[in-house]
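Note sheet for the following structure.
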Amino acid sequence: MTTAIYPGSFDPPTFGHLDIIKRAAAIFDRVVVCVMKNGGKENGLFSVKERVCLLEELTCNYQNVEIDEYEGLLAEYVKFFQKPVVVRGLRAITDFEYEFQMATVNKKLNSNVETMFLVASNEYTFLSSSVVRELGKYGTRMSCFVPQIVEDAIREKFPNSIPPLHLVASE
Ligand code: COA
């Protein structure tokens, strides 16, 4: 059985991530979404436990999707699986250099690591977790970027944010 490992920091998960999860779940027997640490990022907005809980709730309708967390290297994590394939989303050409480097380093560390890329759906190529975190600070509506439970969780993190007037008016 081939297992797709979809690693990321998911701080927070967005519709872009869900798009990749949904498509990977249609291709692979089993998909493990793993919340991992990106060494280049400071402590996030959400704790790892909170990200795991959000992902579990968002994927509860997919029979072949599991959520996990791991603090170590991706090249080590994949050793827990028999036929692992790392799945990554490519949003734009700007993602490519970083992804290429990561896939190559992972392969050097563990020759069994294969990486496959899914091209992000058009409507999500602009999206990132930091965009969502930034909008959250200003209380902007985010229904086209994240599911409702994620939006609610972001609001709890920024209870004092005031929605921009023109966005309130257009609701
Ligand atoms: N749709 C929407 N947003 C997407 C996306 C998609 N399809 N794919 C990526 N993104 C966003 C992410 O939310 C993230 O946003 P942010 O930077 O604003 O927070 C950004 O694009 C970068 O995503 P990604 O490249 O997946 O980075 P990441 O931080 O989510 O994940 C790890 C990187 C965790 C997979 C990587 O650091 C890792 O493997 N860590 C484990 C340790 C390790 O092995 N290190 C050595 C690596 S060579």
Side-chain angles (χ1 to χ4, degrees), residues 3-28 31-55 58-59 62 65-81 84-138 140 142-147 149-151 153-154 157-158:
T3 303
I5 315 289
Y6 181 31
S9 42
F10 305 108
D11 184 34
T14 67
F15 279 133
H17 297 124
L18 289 179
D19 171 54
I20 300 293
I21 293 170
K22 181 178 162 192
R23 289 162 55 202
I27 299 169
F28 294 93
V31 177
V32 178
V33 181
C34 189
V35 178
M36 301 195 93
K37 194 159 174 49
N38 180 333
K41 292 178 184 172
E42 297 295 317
N43 286 341
L45 177 63
F46 290 94
S47 70
V48 170
K49 287 274 171 273
E50 288 171 324
R51 299 175 211 181
V52 166
C53 284
L54 286 171
L55 282 163
L58 294 170
T59 59
Y62 295 103
V65 175
E66 297 155 44
I67 311 301
D68 198 5
E69 60 179 279
Y70 190 69
E71 275 216 32
L73 286 172
L74 179 58
E76 288 296 323
Y77 180 71
V78 297
K79 290 181 183 166
F80 294 119
F81 304 89
V85 173
V86 173
V87 168
R88 301 280 296 163
L90 271 187
R91 290 166 300 169
I93 194 71
T94 42
D95 279 347
F96 180 77
E97 206 172 326
Y98 171 67
E99 293 298 337
F100 183 81
Q101 183 186 34
M102 222 166 69
T104 310
V105 171
N106 284 327
K107 187 90 179 159
K108 287 252 181 255
L109 293 173
N110 176 350
S111 58
N112 290 325
V113 182
E114 294 296 349
T115 304
M116 280 181 64
F117 298 104
L118 291 179
V119 174
S121 296
N122 247 347
E123 59 268 46
Y124 305 125
T125 48
F126 66 93
L127 193 50
S128 74
S129 299
S130 44
V131 161
V132 167
R133 290 196 299 273
E134 180 73 6
L135 294 178
K137 282 187 210 162
Y138 296 95
T140 314
M142 286 172 280
S143 51
C144 49
F145 308 134
V146 293
I149 60 157
V150 177
E151 183 164 351
I154 294 169
K157 296 282 180 189
F158 300 107

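Just so you know, ligand 1 is whichever comes first in the structure, and atom 1 is the first atom listed for that ligand.
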Sidechain-backbone polar pair: [X] side chain, [Y] backbone, donor-acceptor under 3.5 Å:
X	Y	answer
Thr104	Phe100	yes
Glu50	Ser47	yes
Thr14	Gly16	yes
Asn106	Val113	no
Ser129	Pro12	yes
Asp19	Ser121	yes
Arg51	Glu69	no

If we set the cut-off at 4.0 Å for heavy atoms, which region of [X] has an atom near ligand 1: side chain, backbone, both, or neither?
X	answer
Asn38	both
Leu74	both
Tyr98	side chain
Gln101	neither

Given Phe145, which partner from the list Tyr124, Phe15, Phe126 fulfils the ring-ring contact (aromatic ring centres under 6.0 Å, His included) test?
Phe126
Quick check: Leu127 and ligand 1, any N/O pair under 3.5 Å apart?
yes
Looking at [X], which atoms of ligand 1 are within less than 4.0 Å of one of its heavy atoms?
X	answer
Ser128	3 (N), 15 (O), 18 (O)
Ile20	7 (N)
Arg133	19 (O)
Ser130	16 (P), 18 (O), 19 (O)
Thr14	2 (C)
Ser9	28 (P), 29 (O), 30 (O), 31 (O)
Met36	34 (C)

Heavy-atom nearest neighbour in the protein, as seen from [atom], with distance rounded to 0.1 Å:
atom	answer
atom 45 (N) of ligand 1	Leu73 CD2, 3.8 Å
atom 38 (C) of ligand 1	Lys37 O, 4.1 Å
atom 13 (O) of ligand 1	Ser129 OG, 2.6 Å
atom 48 (S) of ligand 1	Met102 CG, 3.4 Å

Does the side chain of [Y] come within less than 4.5 Å of [X]'s, by heavy atoms?
X	Y	result
Phe158	Leu45	yes
Thr59	Ile21	yes
Ser128	Arg91	yes

For atom 19 (O) of ligand 1, which candidate among Arg91, His17, Lys41, Glu99 provides the closest heavy atom?
Lys41
Looking at non-hydrogen atoms alone, which of Glu71, Arg88, Arg23 comes nearest to atom 24 (P) of ligand 1?
Arg88
Any [X] heavy atom less than 4.0 Å to ligand 1:
X	value
Glu76	no
Asp11	no
Gly72	yes

Please state whether the rings of Tyr6 and His17 are parallel, tilted or perpendicular, taking 30° and 60° as the class boundaries.
tilted
Would you tell me whether Lys37 and Ser9 have side-chain atoms, one donor and one acceptor, within less than 3.5 Å of each other?
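No, no side-chain donor-acceptor contact under 3.5 Å.
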